[in-house]
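In what follows, a structure is listed as structure tokens, so that the remarks can point back to it.
Worth knowing before you read on, the calculation uses all heavy atoms, side chains too, and leaves out hydrogens, waters and symmetry mates. Letters A, B, ... are given to chains in the order of the sequence lines, protein chains preceding strands, and every chain is numbered from 1.
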2 protein chains.
Amino acid sequence: MAGKGEETRERILDRAQAMILECGYAGVSIDKLIQSLGLTKGAFFHHFRNKNDLARSLIRRYADQGLELFSDNLARAKKLTDDPLQQFLVLIGLYEEIFEDLTEPYPGCLLASYVYELQQFDEQTRAIINEEFVLSRAELSKLIGEIMTIHPPCRDVDPVSLADGFMSVFEGAFILSKSLDEADITIQQLRHYKTYIELIFTRSDV
Amino acid sequence: MAGKGEETRERILDRAQAMILECGYAGVSIDKLIQSLGLTKGAFFHHFRNKNDLARSLIRRYADQGLELFSDNLARAKKLTDDPLQQFLVLIGLYEEIFEDLTEPYPGCLLASYVYELQQFDEQTRAIINEEFVLSRAELSKLIGEIMTIHPPCRDVDPVSLADGFMSVFEGAFILSKSLDEADITIQQLRHYKTYIELIFTRSDV
DNA sequence: TAGATTGCATACCATTCGGTATGTTTTTAA
DNA sequence: TTAAAAACATACCGAATGGTATGCAATCTA
């Protein structure tokens with residue numbers, strides 16, 4: 001069984017994440033958080049030592065979910081085709097699917113939210129953020145490296161910056177999507193990225 | 001003459017922007033801000049009605065500077081060549097130049113910082129953010145539209161999402177740059193975007 | 001040069017903040 | 001069934017917060 005305590009803890013994390021993506025970490029007080037959940041301080045401090053503990057648990061969960069989603073999508077892509085290039089294109093398509101059904105803008109990336117108030121967090125929390133990007137970059141650039149050995153790119157590109165480009169698409173699109181209040185920006189930018197990958201690796205002239 | 005008051009006001013704005021990009025708007029208290037400047041509350045509240053007034057003045061200044069930089073760069077590009085495609089490529093190159101000399105990561109985009117705590121700000125402040133993206137998008141998509149009439153793209157792309165892509169590159173790259181503490185990510189992503197534009201508009205096959 | 005305005009400092013205030021101490025109820029396990 | 005541990009609630013605290021009221025010296029203006 002999940003346990004009622006664990007359920008409450010998850011409820012706190014969910015609500016905290018939603019509120020942080022709208023008001024920022026420093027902008028979400030523990031009072032406001034628990035009030036919006038109908039809880040009290042006793043409940044909060046039973047599940048978290050302090051506010052920084054909440055921040056760390058939250059970004060840990062978000063980073064783990066992100067890496068898990070990536071692994072799942074990559075595994076699915078690898079089952080569908082053997083060619084690394086097609087694997088990557090399928091992988092991008094799988095991410096597109098996630099954002100296809102959204103009618104409202106994606107609430108945002110918690111990592112990005114933290115990055116824009118980095119000094120609010122302790123070293124451990126900052127390390128989690130860094131780690132997530134480093135791991136994603138490593139896995140992605142490895143795949144792109146495989147692509148390059150089979151499909152010579154028509155321009156001189158390095159796999160690491162191309163991997164960064166994939167993550168950058170999300171981060172950039174989320175910000176535009178939030179400020180312009182348009183849900184489909186993320187998909188459009190993902191499609192552009194996919195087109196770019198295609199153009200780079202499917203023609204060896206120019 | 002600039003006036004001593006206006007000079008102090010600018011000092012406050014400069015320091016506030018730097019601190020907000022590191023701690024977020026809610027994370028920067030007026031006390032910390034004025035203390036880091038060696039000023040007092042009297043000084044702050046002489047120049048700003050309240051904290052929200054600071055926020056509005058700050059984003060107004062940042063947005064104006066951004067649009068001005070864009071206009072300047074576009075004007076320079078238009079003087080250098082008559083072809084809209086080349087104008088855009090030169091424009092991107094001019095932005096590259098700005099980030100070429102940076103040894104540390106760009107401190108970040110104030111608009112993005114605000115976007116991740118949007119609910120902290122009043123309607124007027126949020127409107128400025130929206131306006132900046134809308135205006136940039138309009139100017140850019142207009143130029144890209146001109147490109148498309150002369151250079152038929154090899155893929156079916158729309159100018160608005162391509163314009164969004166340009167802004168998105170900055171926003172995404174800044175986040176990666178800050179979290180990974182690497183200064184050259186922005187340039188690399190700008191180069192990728194430029195390559196994408198080249199590939200889209202210089203090949204009419206596939 | 002008198003008066004008014006600007007530019008800033010000092011002192012203070014009500015509220016909110018993160019956090020603690022101490023309960024009380026509910027659930028779990030022997 | 002009962003003890004204990006978990007899951008919450010209540011009440012409180014010092015510090016930090018945004019903001020105000022007031023004072024005063026410098027500067028500008030008539």
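Contact annotation for B/Phe44: no contact, since no heavy-atom pair falls under 4.0 Å across all strands.
Every residue two or more places apart in sequence or in another chain was checked for a ring pair (Phe, Tyr, Trp, His ring centres under 6.0 Å) with B/His47, and none qualifies. Residues passing the salt bridge (Lys or Arg N to Asp or Glu O under 4.0 Å) test with B/Asp72, sequence neighbours excluded: none.
Scanning all heavy atoms of the two residues, the minimum distance from A/Ala183 to A/Pro105 falls at CB-N, 3.8 Å. A/Ile175 and B/Ala112 get closest at one heavy-atom pair: CD1-CB, 3.5 Å.
In this structure, the side chain of A/Glu117 engages the main chain of A/Tyr25 through a donor-acceptor pair within 3.5 Å. Judged by distance alone, the side chain of B/Asp53 and the main-chain N or O of B/Phe48 form no donor-acceptor pair under 3.5 Å.
Residue A/Ser29 has no polar side-chain atom (N or O) positioned under 4.0 Å from OP1 or OP2 of C/dT16. Phosphate proximity of C/dG7 to B/Thr8: absent, as no side-chain N or O sits under 4.0 Å from OP1 or OP2. Between B/His46 and the phosphate of C/dA9, there is no side-chain N or O to OP1/OP2 separation shorter than 4.0 Å. Under 4.0 angstrom from either OP1 or OP2 of C/dC8 there lies at least one side-chain N or O belonging to B/His47.
In this structure, A/Phe45 atom CZ and D/dT10 atom P are separated by 16 Å, rounded to whole Å. Taking atom CD on B/Gln120 and atom C1' on C/dC17, their separation rounds to 13 Å, with Å as the unit.
The side-chain hydrogen bond (donor to acceptor under 3.5 Å, both in side chains) contacts involving residues 97-110 of chain A comprise A/Tyr62-A/Tyr106, where partners must be two or more places apart or lie in separate chains. Pairs engaging residues 125-137 of chain A under the salt bridge (charged side-chain N to carboxylate O under 4.0 Å, His left out) rule: A/Arg60-A/Glu131, A/Glu123-A/Arg126, A/Arg137-A/Asp164, A/Arg137-B/Glu182 [sequence neighbours left out].
Proximity of residues 48-56 of chain A to DNA chain D (heavy atom under 4.0 angstrom from any strand atom) is not detected for any residue. Proximity of residues 30-42 of chain B to DNA chain D (heavy atom under 4.0 angstrom from any strand atom) is restricted to B/Ile30, B/Asp31, B/Lys32, B/Lys41.
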